[in-house]
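The structure follows.
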Amino acid sequence: MGQIIQFVSKSERERLRLIQEARAIYDSIFPPADSTGEQSSGVAARQSDRGNLA
């Protein structure tokens with residue numbers, strides 16, 4: 001009952017989709033040097049970035 005629903009505009013969803021796509025392309029071209037260390041910290045950094053973007 002106490003749930004909060006946040007409206008996300010279509011343009012914001014498109015922006016986030018394009019950012020994800022660009023990051024995937026970048027990672028495919030420039031793979032992390034250390035697949036275990038950098039990738040896990042990179043994923044955490046990206047998730048925290050998403051909180052700041054929205």
*Spell out, yes or no, whether Phe30 and Ile25 are grouped together once hydrophobic residues are joined by side-chain heavy atoms under 4.5 Å, including indirect joins.*
yes
_Applying ring-ring contact (aromatic ring centres under 6.0 Å, His included), can you list everything that pairs with Phe7, at least two apart in sequence or on another chain?_
none
*Identify, with sequence neighbours excluded, every residue that meets side-chain hydrogen bond (donor to acceptor under 3.5 Å, both in side chains) alongside Ser28.*
none
*asked:* What I'd like to find out is whether the side chain of Arg13 reaches to under 4.5 Å of the side chain of Lys10, using heavy atoms alone.
replied: yes
*Excluding sequence neighbours, so at least two apart, what forms salt bridge (Lys or Arg N to Asp or Glu O under 4.0 Å) with Arg17?*
Glu14, Glu21
